[in-house]
Amino acid sequence: MPAEGERTPYPKSLEETAGAALDVDFSAPSATEVASMGAWGYPSAPPYDGLRMFKCLDRPGRLALSPSHGGR
């Protein structure tokens with residue numbers, strides 16, 4: 001473990017940051033089979049203050065690592 005003020009050689013994983021992780025559901029439907037999905041939360045990082053809940057509803061798309069794929 002690094003001393004206080006030292007940087008770790010790698011960033012913390014989501015599980016290390018959040019304290020837990022969910023199981024991966026390999027039987028989940030593909031993005032083309034889901035009509036819509038949403039996310040709800042109280043964002044606290046600027047420009048938000050963590051006091052107001054925001055929601056986002058949209059159609060899921062594919063994750064592309066190359067900008068040439070253009071998202072959906």
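For the single chain, residues carry numbers from 1 onward in sequence order.
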Closest non-hydrogen atom pair between Arg52 and Tyr42, with its separation: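 Reported closest heavy-atom pair: C-CD2, 3.6 Å.
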Going by atom type alone, with no hydrogens or angles, which donor-acceptor pairs under 3.5 Å involve a side-chain atom of residues 26-39 and a protein atom two or more places apart or on another chain?
| residue | atom | partner | partner atom | Å |
| --- | --- | --- | --- | --- |
| Ser27 | OG | Asp25 | OD1 | 2.6 |
| Ser30 | OG | Thr32 | OG1 | 2.9 |

Shared-cluster residues of Tyr48, by chain and number - hydrophobic side chains joined below 4.5 Å: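 Tyr48 clusters with Phe54.
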